[in-house]
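Inspection log for the structure reproduced underneath, given as structure tokens.
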Amino acid sequence: MTVETSHEHTAAAAGATGPRRLVVLGPQGAGKGTQGSRLAQRQGIPAISTGDIFRANVGGGTELGRVAKGYMDRGDLVPDEVTVAMVADRLGRPDAADGFLLDGFPRNRAQAEALADMLRRLGVALDAVLHLTLSDEQIIRRLSGRRVDTRTGRVWHVESDPPPPDLVAQGVVVQRNDDRPEPIARRLEIFHAQTAPLIGYYADAGLLVTVDGDGSVDEVADRVAAALRLS
Ligand code: AP5
């Protein structure tokens, strides 16, 4: 199974054109994880989700996880110094040398500037920033219906992609702690105050590619491929 997956990755990478160093930006639930993982697979590059790394550390009971948990459960950002150090470490690994897709980072101006410094040190630059849009009404619908497999990280949605009932009954597929009304409201507030200004920052840099995140997963994936001119 693992061998097949890595073979598919290599095949995708060999024939892939288009951007190889990407950031995916957008409000909570816009589909950054859903579209980002598809896009990364298609391009043969690692999808690096800061949220997934934090959740893995919370699940594994590490020191990083203990620090991050309280912020995440409230819907607050984990402090920049913690997040930036974690991303710098991840981008320095060999599998990111030939490309990467960052999902959930940067989320504010300080993180965007830290990323620019990291890339400068590595001697590389971003190719594109994919900005997925979605209305607040759709965001709330997507987040409140999201369910996650605690073993694999696989994401489901109770309406559009329902999880297997036995996995829900066994407590393997659960709702994220921050997908409850209060943390959702807090996350959206932070997005509008701190992350949305990065849309202008990356537009000024000539990197922004905006795609409507409403519609089915396949429809949005087709729009992303067309907007990024993927082969
Ligand atoms: P993170 O995990 O990054 O959460 P988020 O930004 O809130 O983004 P989401 O994962 O909620 O949404 P998504 O856009 O990936 O949507 P998805 O594809 O899953 O961060 C969590 C926390 O970690 C933060 O609050 C913070 O505390 C911390 N953190 C992370 N990064 C940080 C940073 N840089 N600095 C500081 N702290 C940081 O889709 C959502 C649902 O919709 C799913 O159920 C999916 O199945 C469904 N869906 C997706 N697309 C469609 C579609 N087209 N049609 C129907 N359903 C769809």
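Both ligands and their constituent atoms are indexed starting at 1 by order of listing.
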Could you list the residues that satisfy salt bridge (Lys or Arg N to Asp or Glu O under 4.0 Å) with D179, not counting sequence neighbours? R146, R187

Using the side chain to side chain contact (heavy atoms under 4.5 Å, CB included) rule, pick out the option among D103, L102, L77, V87 that qualifies with T50. V87

Using a 4.5 Å side-chain heavy-atom cut-off and chaining through intermediate ILVMFWY residues, the residues clustered with F191 come out as none

In chain order, what residues pass the side chain to side chain contact (heavy atoms under 4.5 Å, CB included) check against A88, with sequence neighbours excluded? M118

Determine the minimum heavy-atom distance between P106 and A112, stating which atoms define it. CB-N, 3.4 Å

If the criterion is any heavy atom closer than 4.0 Å to an atom of ligand 1, which residues make the list? P27, Q28, G29, A30, G31, K32, G33, T34, T50, G51, F54, R55, M72, D76, L77, V78, T83, G104, F105, R107, Q111, R142, L143, R146, V155, W156, H157, S160, R176, D178, R187, G215, S216, V217

Side chain to side chain contact (heavy atoms under 4.5 Å, CB included) partner of L132, chosen from T34, D212, V211: V211

